[in-house]
Amino acid sequence: MQKEVAAAMARPVWSGALTFGLVSLPVQMFTATDSHTVHFHQLQRGTSDRVRNKRVNERTGDEVPLDEIVKGYDAGDEYVLIEPGELEDIAPGRSQAVEITGFVDLEQVEPVFFDKTYYLGPKGKEYAKIYALLEKALAEAGKAGIATFVMRNRQYLVAVKAEGGLLTLHTLHWADEIRDPRKEIGALPQDTEVTGRELKMAEQLIDTLSMDWNPEDFHDTFQEQVTKLIEAKRGGESVEKAEPPAKSTNVVDLMEALRASVDQAKSPKGGGKGKATASGAPVAGIKDAADKRRSGRDAKPEGKAKAEDKQTKASSLDSLTKAELYRRATEAGVPGRSSMTREELVKALGGKRGRRKAQAS
């Protein structure tokens, strides 16, 4: 049993010593994250033949052997050629230790600097005490150890911190790798003013949608749809199209949109405080909720209401999600529904209702 558990455990990507002051802790480093991206091969259309990439000479079109390939840096007027061995000669040697140069408060390291996360484990049971000591000390102090080390011919800036009873190592971006947002984004607001009412309403919306952070509530829905698409095509079936993205909020309707958002978040259907989910439904329904509020405020006389009966039915369909519309289209036997967008389903169902009413009369 112990052999099976050992075989199932991950292999370390690096091992060495974590040092701070005169204290040295032998550790192993393990990858903390995994990717669930669905990978595809490239095939020629109409065949099952794989398409391969080859290294070819741009001028002659001939394939070039790997041992004849060198690196070239474009200096503008010419290429500076670099042999593989020359890079190896200047590459730093693999670090045998992660030497902490100092400790910083965690809030001083902005999130933009964090890159990839690794778990650190003691190299043996005999190092458990010193490992636990460092983990508890970092957790109590609320600090992270800053260090540099070399792995796979690349030097890394890292932060070592305590998380959930273990030590983690986070690779960080170097300062000159962080782009200046003021230079990158030309449309950032400078002296834009907001009213007190707008700010209060926005804060109320944030408070209403506040929730506990539970990462298990969120999942990659796109990858799930990719998997469903693959399974559907294997079975010769079709899949429904995704809903189009929500339209941007008009600045003129900002207060109305904020108020409608708060109302929807507070409603039982919206879930109320602490019930927001990853689906983004409160945001997607802003326009619908605002339309409903306006329609209630601008109610028409009875005579005009009858004339606008068809428009009211269409509005009721507009309030439904695509899944609900698809369910109704299935019940109504709407042809071609599996390939329709949300707007097409609304239009088809509206026409279906009209035809049924005419037939009944």
Side-chain angles (χ1 to χ4, degrees), residues 2-35 66-67 69-73 80-178:
Q2 291 181 344
K3 290 183 178 180
E4 292 178 0
V5 173
M9 295 181 69
R11 296 183 61 181
V13 297
W14 179 89
S15 61
L18 179 64
T19 65
F20 53 107
L22 299 177
V23 180
S24 179
L25 168 63
V27 294
Q28 294 179 318
M29 189 168 73
F30 302 86
T31 302
T33 59
D34 198 4
S35 173
L66 189 59
D67 59 0
I69 297 177
V70 296
K71 295 181 181 294
Y73 178 81
V80 179
L81 301 182
I82 304 294
E83 296 288 344
E86 293 176 312
L87 287 176
E88 293 175 2
D89 290 340
I90 65 170
R94 173 185 172 277
S95 290
Q96 300 298 319
V98 176
E99 186 174 351
I100 295 176
T101 57
F103 296 92
V104 300
D105 292 331
L106 286 175
E107 59 267 21
Q108 285 187 311
V109 186
E110 293 89 346
V112 70
F113 280 93
F114 287 94
D115 184 18
K116 192 170 183 180
T117 302
Y118 295 89
Y119 297 137
L120 292 180
K123 206 168 183 180
K125 293 181 178 179
E126 62 270 28
Y127 305 111
K129 182 174 182 178
I130 186 173
Y131 180 94
L133 174 64
L134 179 58
E135 186 275 325
K136 284 182 172 58
L138 285 175
E140 289 291 333
K143 292 182 179 291
I146 303 299
T148 59
F149 86 115
V150 174
M151 179 175 65
R152 298 167 184 162
N153 289 337
R154 181 180 173 186
Q155 188 174 36
Y156 293 90
L157 175 67
V158 301
V160 177
K161 50 186 289 197
E163 294 184 58
L166 73 155
L167 294 175
T168 57
L169 181 145
H170 302 262
T171 59
L172 305 175
H173 293 289
W174 300 96
D176 59 2
E177 292 179 328
I178 305 300

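- When every heavy atom of Leu106 is checked against every heavy atom of Ala144, the shortest pair comes out as CD2-CB, 3.4 Å.
- With rounding to the nearest 0.5 angstrom, the OH atom of Tyr156 is 13.0 Å from the OG1 atom of Thr148.
- Taking the centre of each ring, Trp14 and Phe149 come in below the 6.0 Å mark.
- Heavy-atom contacts from other residues, nucleotides or ligands closer than 6.0 Å to CD of Glu107 number more than 12.
- Rounding to the nearest 0.5 angstrom, the gap separating the NE2 atom in His170 from the CD1 atom in Ile146 is 10.0 Å.
- Summarising the geometry of Leu167 relative to Tyr131, their closest heavy-atom pair is N-OH, 2.9 Å, with the distance given to 0.1 Å.
- With a 4.5 Å cut-off on side-chain heavy atoms, Ile82 and Tyr73 do not count as touching.
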side-chain contact (heavy atoms from CB on, under 4.5 Å), that's the test. Do Val13 and Phe30 meet it? Break it down for me. CA-CA 6 Å; Val13 297; Phe30 302 86; over 6 Å; no
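- One finds the CG atom of Leu172 at 10.0 Å from the CD atom of Glu177 (value rounded to the nearest 0.5 Å).
- Annotation: the span from Glu110 atom CD to His173 atom NE2 amounts to 12.5 Å, rounded to 0.5 Å.
- The shortest non-hydrogen separation linking Ser24 to Thr19 is OG-CG2, 3.7 Å.
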side-chain contact (heavy atoms from CB on, under 4.5 Å) between Val23 and Leu134: does it pass, once the steps are laid out? CA-CA 10 Å; Val23 180; Leu134 179 58; over 6 Å; no
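- Shown here is Gln28, whose CD atom has more than 12 heavy atoms of other residues, nucleotides or ligands within 6.0 Å.
- The number of heavy-atom neighbours closer than 6.0 Å to OH of Tyr127, taken from other residues, nucleotides and ligands shown, is 12 or below.
- Each of Val158, Thr117, Val27 was evaluated against Leu169; a single residue qualifies, Val158, per the side chain to side chain contact (heavy atoms under 4.5 Å, CB included) test.
- A 4.5 Å side-chain heavy-atom check between Phe103 and Leu138 finds at least one atom pair inside the cut-off.
- Annotation for Tyr119: atom OH does not count as buried by contact number, only 12 or fewer foreign heavy atoms lying within 6.0 Å.
- Rounded to the nearest 0.5 angstrom, Thr171 OG1 and Asp115 CG are separated by 4.0 Å.
- Remark: Ile100 CD1 to Leu18 CG distance equals 4.5 Å, nearest 0.5 Å.
- Contact annotation: the side chain of Tyr118 never approaches that of Thr168 to less than 4.5 Å [non-hydrogen atoms, C-beta and beyond].
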